[in-house]
Amino acid sequence: MYSYYNNDTILYLNGEYLKATAATTDLFGQSLHYGYAVFEGIRAYKTANGQVKVFKAKEHFDRLKRSCELIHIPYDFNNDELIAACYKVLEMNNMEEAYIRPLVFCPPNMTLKAASESNILICAWEWGAYLGEKLLRIMTSSFERPNPKAFKIESKSAGLYINSILASQEAKQKGYDEALLMDMNGYVAEGPGANIFFEKDGKIFTPPAGNILAGITRATVIELCQELQIPLEEKLFTIDELKQADAAFFCGTAAEVVGLESIDGQPFAKTWASSLGKVLQQAYKARVLEKSFQREAQLA
């Protein structure tokens, strides 16, 4: 089993830095019993000039605060202080490249009332691309994304990820690398922990916000499309439309940008090397490493 910490690992908990092995939580907390918590996934990179940078830290902590507000968890934290704590955790653990996990969780309460206070944890570990480096074989999941009328879908809430676990496990049990979920209307939504984009006739498409968790990496890919003058449209589309795509990819902080080989066993028309997704994968890596990027001509 993967180890996220050892006897020397330091984390941040409610304003203090302490060993992970010494940190404790109450077994009667609402977060443990009801999934009433929110979190972020953030990456730190050693940039081209040798500095360690937390990528889009402000955006991540702004979303953490917003997620709490949406589901009525108090957020009495200063984001500038939390960002500084991320750098301190990296420094104390001698990490230059890491995955950072802030978690806001609630104290003991066995009722279904909104929390009156909350706790903040920030930990980090070294973690490669979550879905690996190879092209992924994905399948249409039998599970759907929750209806936004049933949940604040734009909140990155812990309990919502049971849906992701079920979808991902189903895919792996059937021999695929990952799942793809539809929304309640039958349109393509997203992966269990990543947003989806596809290419068709020189244009990039992705589902609009509303029934998805519109990720920060997704926003970065959209920014890169604008900068590289790659046409992009946010639109609803079906699984049949996706299967007619030239190429497709997932993106997320943990996954970064990863190409898809096939959907339900049907391969995409273009090779990944000749796709716009490959261009965006390279551009994204250059962006997080703060390197210059020059788009090369793509093969037909």
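- The backbone N or O of Pro192 lies less than 3.5 Å from a partner atom in the side chain of Arg145, making a donor-acceptor pair.
- Side-chain contact check for Asn14 versus Ile120: some heavy-atom pair is nearer than 4.5 Å.
- One finds the CD atom of Gln30 at 12.5 Å from the CZ atom of Phe105 (value rounded to the nearest 0.5 Å).
- Closest heavy-atom contact between Ala209 and Ala214: CB-CB, 4.3 Å.
- A cation-pi arrangement is absent between Lys65 and Tyr75, since the terminal nitrogen or guanidinium carbon is not both under 6.0 Å from the aromatic centre and inside a 45° cone about the axis.
- With contacts defined as side-chain heavy-atom distances shorter than 4.5 Å, the pair Leu90/Val54 qualifies.
- Of the inter-residue distances, the one linking Glu144 atom CD with Asn185 atom CG reads 8.5 Å to the nearest 0.5 angstrom.
- Counting non-hydrogen atoms of other residues, nucleotides and ligands closer than 6.0 Å to NE2 of His72 gives a total of 12 or fewer.
- One hydrophobic cluster, built from ILVMFWY side chains closer than 4.5 Å, cannot hold both Phe39 and Tyr5; they sit in different ones.
- By the 4.5 Å heavy-atom criterion applied to side chains, Leu180 and Ile239 are counted as neighbours.
- Shortest non-hydrogen contact noted between Leu13 and Thr24 is CD2-O, 4.3 Å.
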Which is it for Ser275 and Phe249 under the side chain to side chain contact (heavy atoms under 4.5 Å, CB included) test, yes or no, and what are the steps along the way? CA-CA 10 Å; Ser275 70; Phe249 60 92; over 6 Å; no
Run the side chain to side chain contact (heavy atoms under 4.5 Å, CB included) check on Ile212 and Arg218 step by step: do they pass? CA-CA 11 Å; Ile212 64 170; Arg218 173 184 179 274; 3.7 Å; yes
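- In this structure the side chain of Thr217 never reaches within 4.5 angstrom of the side chain of Glu256, judged on heavy atoms.
- Of the possible donor and acceptor atoms, none in the side chain of Asn195 sits under 3.5 Å from a partner among the backbone N and O of Gly252.
- Heavy atoms from other residues, nucleotides or ligands lying under 6.0 Å from NZ of Lys291 number 12 at most.
- Cluster membership for Tyr161 and Leu166, using ILVMFWY side-chain heavy atoms within less than 4.5 angstrom, is not shared.
- Atom OG1 in Thr140 sits 5.0 Å away from atom NZ in Lys243 (nearest 0.5 Å).
- Between the side chain of Gln173 and the backbone N or O of Glu170 there is no donor-acceptor pair closer than 3.5 Å.
- Heavy-atom minimum distance, Ala44 versus Val52: CB-CG1, 4.4 Å.
- For Gln281 (side chain) and Val257 (main-chain N/O), a donor-acceptor pair under 3.5 Å exists by modelled atom type.
- Using a 4.5 Å heavy-atom threshold, the side chains of Asp8 and Lys19 count as touching.
- For the pair His33 (side chain) and Thr111 (backbone), a donor-acceptor distance under 3.5 Å is absent.
- In the hydrophobic clustering of ILVMFWY residues, with side-chain heavy atoms under 4.5 Å counting as a link, Ile204 and Val279 come out together.
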Does the side chain to side chain contact (heavy atoms under 4.5 Å, CB included) test come out yes or no for Lys88 and Tyr12, once each step is laid out? CA-CA 9 Å; Lys88 187 68 174 177; Tyr12 174 92; over 6 Å; no
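- Remark: the backbone N or O of Lys156 is paired with a side-chain donor or acceptor of Ser67 at under 3.5 angstrom.
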For a side chain to side chain contact (heavy atoms under 4.5 Å, CB included) check, start with the C-alpha distance between Asn211 and Ile153, then their side-chain angles and the critical distance, and finish with the verdict. CA-CA 7 Å; Asn211 297 334; Ile153 204 78; 5.9 Å; no
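- More than 12 heavy atoms of other residues, nucleotides or ligands shown are found within 6.0 angstrom of CZ on Phe237.
- Under a 3.5 Å cut-off, the side chain of Tyr34 and the backbone N or O of Gly29 do not form any donor-acceptor pair.
- Counting heavy atoms from C-beta on, the side chains of Ile100 and His60 never come closer than 4.5 Å.
- Nearest approach of Ala124 to Val89, heavy atoms of both residues: CB-CG1, 4.1 Å.
- Separation of atoms CD1 (Ile71) and CD (Glu154) is listed at 11.0 Å; rounding is to 0.5 Å.
- Heavy-atom contacts from other residues, nucleotides or ligands closer than 6.0 Å to NZ of Lys235 number more than 12.
- For Phe28, the CZ atom counts as loosely surrounded, since its 6.0 Å shell holds 12 or fewer non-hydrogen atoms of other residues, nucleotides or ligands.
- Scanning both residues, Lys56 and Glu223, for their nearest heavy atoms gives NZ-OE2, 3.0 Å.
- Using cut-offs of 30° and 60° on the angle between ring planes, the pair Tyr99 and Trp127 is perpendicular.
- Closest non-hydrogen pair, Arg101 versus Glu40, comes out as NE-O, 2.9 Å.
- The main-chain N or O of Gly159 is never found under 3.5 Å from a side-chain atom of Ser157 such that the two would form a donor-acceptor pair.
- Residues Phe293 and Leu228 meet the side-chain proximity criterion, which asks for heavy atoms closer than 4.5 Å.
- In this structure, Leu103 is not a member of the same hydrophobic cluster as Leu64, with clusters built from ILVMFWY side-chain heavy atoms closer than 4.5 Å.
- Aromatic ring centres of Phe198 and Phe268 lie farther apart than the 6.0 Å criterion allows.
- Checked by atom type and distance alone, the side chain of Ser31 pairs as donor or acceptor with a backbone atom of Cys106 at under 3.5 Å.
- Listed for the Lys200 side chain is a donor-acceptor partner under 3.5 Å among the backbone atoms of Gln244.
- Under a hydrophobic-cluster definition in which Ile, Leu, Val, Met, Phe, Trp and Tyr are linked whenever side-chain heavy atoms come within less than 4.5 Å, directly or via other members, Tyr17 and Val104 are assigned to the same cluster.
- A donor and an acceptor atom, one from each side chain of Asn49 and Thr47, are located under 3.5 Å apart.
- Heavy atoms from other residues, nucleotides or ligands lying under 6.0 Å from OH of Tyr187 number 12 at most.
- Atom-to-atom distance recorded for Ile216:CD1 and Phe55:CZ is 9.5 Å, nearest 0.5 angstrom.
- Residues Asp177 and Arg137 meet the side-chain proximity criterion, which asks for heavy atoms closer than 4.5 Å.
- The structure places CG of Leu260 at 7.5 Å from CG of Leu242, a figure rounded to the nearest 0.5 Å.
- With Tyr45 as reference, Lys285 is the one residue of Glu96, Lys53, Arg287, Lys285 to meet the side chain to side chain contact (heavy atoms under 4.5 Å, CB included) rule.
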